[in-house]
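A quick write-up on the structure given underneath.
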Amino acid sequence: MLIKPVEIILDLDFAQKDEFTFVIQQTLPSLISIFDVPVDPEKFIMNITHTQTLQSFGKALENGRMKALALLFHYLTHTQKK
């Protein structure tokens, strides 16, 4: 809430997306986009970043962040057509 995002991207399978969306719409003038995570997030990120492995990302993709990055990249490739 402190950073006041202009747009928020949520995973299609996010269990509390309805409750989260309601709270955000009541407090922030943000666009909320619902999008899906690619089936194989690791392979998708390697394809987008043109890498053979994700080891160079180290711990940056742990604890669910790989899915979040894949979701962001998937959304951007869909909306920006690049």
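Any value given below was found using the heavy atoms of this structure, including those in side chains, with hydrogens, waters and symmetry copies removed.
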Rounded distance (nearest 0.5 Å) linking atom [atom1] of [X] with atom [atom2] of [Y]:
| X | Y | atom1 | atom2 | answer |
| --- | --- | --- | --- | --- |
| T53 | I45 | OG1 | CD1 | 11.5 Å |
| T27 | K4 | OG1 | NZ | 10.0 Å |
| Q25 | L31 | CD | CG | 9.5 Å |
| L72 | I48 | CG | CD1 | 10.5 Å |
| I9 | T79 | CD1 | OG1 | 7.5 Å |
| D11 | D36 | CG | CG | 7.5 Å |

Output all residues satisfying side-chain hydrogen bond (donor to acceptor under 3.5 Å, both in side chains) with S30, sequence neighbours left out; order by chain, then residue number.
none

List for me each residue that meets side-chain hydrogen bond (donor to acceptor under 3.5 Å, both in side chains) alongside T21, sequence neighbours excluded, and say none if there are none.
none

Does atom CD of Q55 have more than 12 heavy-atom neighbours from other groups under 6.0 Å away?
no

Apply side chain to side chain contact (heavy atoms under 4.5 Å, CB included) to [X] and list each qualifying residue two or more places apart in sequence or on a separate chain.
| X | result |
| --- | --- |
| T51 | M46, T49, L54 |
| I34 | L10, L12, K17, I32 |
| E62 | K59, R65 |

Which heavy atom in A70 sits nearest to a heavy atom in P41, and how many Å separate them?
CB-CB, 3.7 Å

Which residue pairs pass the ring pair (Phe, Tyr, Trp, His ring centres under 6.0 Å) test with at least one member in residues 21-44, sequence neighbours excluded?
F35-H74, F35-Y75, F35-H78, F44-H74

